[in-house]
Amino acid sequence: MTHLPYIAGAYGLAAMVALWFGIGATLRLRRARTRLAAVEAARTRGGGDA
Amino acid sequence: MSASQTLAARTGSLFHRFANPGRFLRLGARLQPWLTWPALALTLIGVIWGLFLSPADWQQGDSVRIMYVHVPAAWLASSGYMALAVCSVLSLVWRHPLADLAAVEIGPVGAAITAVCLATGSLWGKPMWGTWWVWDARLTSVLVLFFLYLGHIALIRAFDEPQRGYRAAAILALAGAVDLPIIKFSVQWWNTLHQPDSITLTGAPTMSTTMLWPLLICTLGFTLGFGAIVVARLRAAVMESRARALLSARRGGASS
């Protein structure tokens, strides 16, 4: 495999980008869900005056 | 009302059924595992098949294995931009609120996959052509696509009033869609260093099935993965927007 560094570079780059966006989207979704739940809970506690 | 107006109204009402954030969140939550897990499984199978089980090319040797990431990335660069253009039509014609949010979320993912396409192309080009880059019609038109994505990302965030940014970016996305047929047909219209398409809608594939299968599996896996990431980002954006709206309504209620 004389072209191994090029192959490893291509697959490594694709994996890094996929992981970056995949993990980023998962964490963002989790944060957004937690925040929305907290805001909705506060709204319910406040007697729905929002 | 004329027939075309009726059709436009019907199409608009069909798309607006999914404009309700609650309905979209329920649909997105149901869709998410059906995109994520098959994407991971298919990509893993395709990559292992492509790297270790498929044969080396008689001319290119093992560097042909770069194809299993380069071709799916190229397909997604174009189809991601097509999705952006569809969102732009939905936004400009029917003022669909989710289309604007979808365009915001597709842009960065599309730009990243276009960058992967360009970089893996360079990594394939160096051992095969002896150079990282040539100003070939296919390569240049994909570079233009990358700049269109960057322009869209910048423009959508360039205004204080988000609606103005959405409109301006939608117009750019629609105008930029002219680059898609140029990318597709560049290898036919001009003499290019880039090889012609191996898979077309009208003819039989010009590659061996031992290479075609892992390529198709990788392409399907990457496409589902792209969809999974965009749906997850869009669900997060809808939730963030809903939380912001609830907070501002509470602040408004408290101050009055």
Side-chain angles (χ1 to χ4, degrees), chain A, chain B residues 25 32 36 39-40 43 47 50-51 56 60-70 72-73 105 108-109 112-113 115-116 119-128 222 225-226 228-254:
Chain A
M1 270 202 180
T2 51
H3 300 144
L4 188 62
Y6 300 102
I7 301 169
Y11 279 82
L13 180 73
M16 259 176 18
V17 170
L19 284 175
W20 176 267
F21 276 91
I23 293 171
T26 310
L27 294 178
R28 186 179 159 196
L29 186 58
R30 191 174 291 178
R31 267 199 311 270
R33 196 183 284 135
T34 311
R35 184 160 179 249
L36 181 61
V39 171
E40 281 179 340
R43 181 181 171 222
T44 313
R45 276 199 306 273
D49 59 342
Chain B
L25 286 178
Q32 193 75 66
T36 308
L40 287 172
T43 304
V47 164
L51 271 179
Q60 300 189 33
D62 281 309
S63 61
V64 77
R65 299 184 199 283
I66 295 175
M67 169 177 76
Y68 303 112
V69 286
H70 176 70
E105 300 307 330
V109 189
I113 201 79
V116 168
T120 53
S122 273
L123 285 162
W124 197 359
K126 181 63 181 167
M128 289 302 99
F222 273 51
F226 186 92
I229 288 171
V230 169
V231 167
R233 287 170 64 100
L234 187 52
R235 285 172 64 205
V238 170
M239 287 180 196
E240 286 160 1
S241 144
R242 204 161 156 180
R244 268 197 307 273
L246 285 174
L247 277 175
S248 65
R250 227 169 80 187
R251 286 197 196 105

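Computed from a predicted model, the values in this text were never measured in an experiment. Just so we're on the same page: letters track the sequence lines, and every chain starts at 1.
From A:L29, atom CG reaches atom CG of B:L234 across 10.5 Å, with rounding to the nearest 0.5 Å.
Per-residue counts of heavy-atom pairs under 4.5 Å with chain A were compared for B:V47, B:V230, B:V69, B:T120; the largest is that of B:V69. Of the listed residues (A:G9, A:A32, A:A18, A:G22), the greatest number of heavy-atom pairs within a distance under 4.5 Å of chain B belongs to A:A32. When the candidates B:A115, B:A232, B:P127 are compared by the number of heavy-atom contacts under 4.5 Å with chain A, B:P127 comes out ahead.
Both the backbone and the side chain of B:A237 come within less than 4.5 Å of a heavy atom in chain A. Within the 4.5 angstrom heavy-atom criterion, only backbone atoms of B:Q60 (N, CA, C, O) approach chain A. Looking at A:R33, both its backbone and its side chain come within 4.5 Å of chain B, counting heavy atoms on both sides. Heavy atoms of B:M128 lying under 4.5 Å from chain A belong exclusively to its side chain.
Of all non-hydrogen atoms in A:F21 and B:P108, the two that sit nearest each other are CZ-O, 3.7 Å. When every heavy atom of A:R35 is checked against every heavy atom of B:A243, the shortest pair comes out as NH1-CB, 4.1 Å.
For the pair B:L51 and B:Y68, the minimum side-chain heavy-atom distance is 4.5 Å or more. Side-chain contact between B:S63 and A:Y6: absent, with no pair of heavy atoms (C-beta onward) separated by less than 4.5 Å.
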